[in-house]
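To keep things clear, I will list the structure first and then write my remarks on it.
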Amino acid sequence: MARSARKTVARVAWACIAILVVVVGALAIANQQLISDEIEARNFAPSEQVSSLLGRLDLTPAGERVFLASKPTLDASQHFSTQCSDVSHGEQGHVLGCYSKGTIHLFGVTDKRLDGIVEVTAAHELLHAAYARMSGDEQAQMTKKLRAFYDERIATDPGLKERMSVYDALSPGAFANELHSVLGTEVHTLPKWLEEHYAQWLGKRSSIVDDFDRYHGVFTQLQDRSKTLEKQMTALRTSVEQRRETYNAAVARFNADAQNFTKRNNAYEFADDPEAFERIRDGLTARQQQLTKDREQLENDIASYETMRTELQQLTKTSDELDQKLNSDLAPPATRPN
């Protein structure tokens, strides 16, 4: 009886072990990506620059795991262009980061005027890595939800539509992938479901969007001020040209009338009519004073135009400088490792 009971217990124990093995095996398969990421993250030794960047990103444990498992690089040399050579510059302008072949590559922008741009780019690429870890069904569902939200949002946010226009040629799935990263790093107010989605990886998403607003605002202010100056200069130039023609014609008439008055006076025409002399003389004096004011106003407006032109040239120079800072093709050549 005892032996039979022991056999029963043994069979139950082996059955439980078998079930446990099956369950553990199933969990391992289901969490294969998570396990792989954990191993890759633990074995990855980030550079000092990447470690510093990671400290500024405020990622969740899951976000940090995915970021490190993607073996991020931060390179300020032309080597970055090689790493992201499969990203079309024609589609995105200057490429500042990419998620290529499972790896995050970031361009090291150090200009203080663009503080935050590396952090935003890193978060953008992290969200690409997170998107790549979704199943096909999850990506399909996300594509529908993101597209629906986007179509509703752009009705009141034309800036978002403009920023996403560089991706218009992409397939619906690829567009959704980019939109997933853009919304997470560039848009403050999002629906609760999307905030909760991003909260899986971004501990403080609002700080990332603040960084975007700050550096993007530098370009926006330059562009807006340039447009304002160009509009003002066009209007002022038209006004000056029209008023200068009027002024030159008025000067010609005044000179003719003044010469005629002098000629008449030299002929003693006003000898018996001093009132007419004074009336004509005073009229010419008033006209001369007005012409002097008109000339001074034209000179002031021309000086203002030149001041605006100088400012516009400086804005253009600054814009070109910043543009060069974002152009990895103009970066120093990669150094050979020792």
* Please walk me through it: do Thr262 and Arg264 pass side chain to side chain contact (heavy atoms under 4.5 Å, CB included)? -> CA-CA 5 Å; Thr262 300; Arg264 292 172 65 189; over 6 Å; no
For the [atom1] atom of [X] and the [atom2] atom of [Y], what is their distance to the nearest 0.5 Å?
X	Y	atom1	atom2	result
Lys227	Leu312	NZ	CG	13.0 Å
Tyr215	Leu114	OH	CG	9.0 Å
Glu311	Thr316	CD	OG1	10.5 Å
Ser328	Gln83	OG	CD	10.0 Å
Leu126	Thr121	CG	OG1	12.5 Å
Gln290	Arg287	CD	CZ	11.5 Å

Is a side-chain donor or acceptor of [X] paired with a backbone partner of [Y] at a separation under 3.5 angstrom?
X	Y	result
Ser52	Glu48	no
Glu125	Tyr99	yes
Ser36	Gln32	no
Gln200	His197	yes
Glu138	Ser135	yes
Asp157	Arg153	no
Arg243	Gln297	no
Arg205	Val187	yes
Ser77	His79	yes
Asn300	Glu296	yes

Count I, L, V, M, F, W, Y as connected when their side-chain heavy atoms are under 4.5 Å apart, and connections chain through other members. Are [X] and [Y] then in the same cluster?
X	Y	answer
Trp201	Leu54	yes
Trp193	Leu190	yes
Val209	Ile154	no
Ile104	Leu59	yes

What pair of heavy atoms forms the shortest contact from [X] to [Y], and how long is it?
X	Y	value
Ser181	Leu127	OG-CB, 3.5 Å
Val95	Cys84	CG1-CB, 4.3 Å
Leu236	Ser304	CD2-CB, 4.3 Å
Tyr131	Gly173	OH-O, 4.1 Å
His94	Leu326	CB-O, 3.2 Å
Tyr198	Leu179	OH-O, 4.3 Å

* To do: Please assess Ser226 against Lys231 for the test side chain to side chain contact (heavy atoms under 4.5 Å, CB included), listing each intermediate value before the final yes or no.
  => CA-CA 9 Å; Ser226 295; Lys231 184 177 181 180; over 6 Å; no
Less than 4.0 Å between a side-chain N and a carboxylate O, is that true for [Y] and [X]?
X	Y	answer
Glu299	Arg295	yes
Arg253	Asp257	no
Arg65	Glu40	no
Arg113	Glu321	yes

* Relative to each other, are the rings of Phe175 and Tyr167 parallel, tilted or perpendicular (30° and 60° limits)? ->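 Plane angle over 60°, so perpendicular.
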* Can you label the angle between the His216 ring and the Phe212 ring as parallel, tilted or perpendicular, going by 30° and 60°? =>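 Rings of His216 and Phe212: parallel, under 30°.
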Do other residues, nucleotides or ligands put more than 12 heavy atoms under 6.0 Å from [X] [atom1]?
X	atom1	result
Gln314	CD	yes
Asn266	CG	yes
Glu152	CD	no

Is any side-chain heavy atom of [X] closer than 4.5 Å to a side-chain heavy atom of [Y]?
X	Y	answer
Lys317	Asp320	no
His128	Glu178	yes
Tyr150	Leu160	yes
Glu195	Ser206	no
Lys144	Phe149	no
Leu183	Leu194	yes
Ser81	Asp329	yes
Val240	Tyr305	no

* To do: Would you please test Thr60 and Glu64 for side chain to side chain contact (heavy atoms under 4.5 Å, CB included) and show each step?
  => CA-CA 6 Å; Thr60 65; Glu64 184 171 334; over 6 Å; no
* **Side-chain donor-acceptor contact under 3.5 Å, Asp213 with His188** =>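 Per modelled atom types, Asp213 and His188 side chains form a pair under 3.5 Å.
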* Could you tell me whether Phe261 and Phe277 have their ring centroids closer than 6.0 angstrom? =>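 Yes; Phe277 has its ring centre under 6.0 Å from that of Phe261.
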* Take Glu38 and Arg42 through the test salt bridge (charged side-chain N to carboxylate O under 4.0 Å, His left out) and record every step on the way to the result. => CA-CA 6 Å; Glu38 187 67 34; Arg42 287 181 180 275; 2.8 Å; yes
* Asked: So Lys325 and Thr110, side chain to side chain contact (heavy atoms under 4.5 Å, CB included) or not? Walk me through it.
  -> CA-CA 8 Å; Lys325 296 292 184 181; Thr110 57; over 6 Å; no
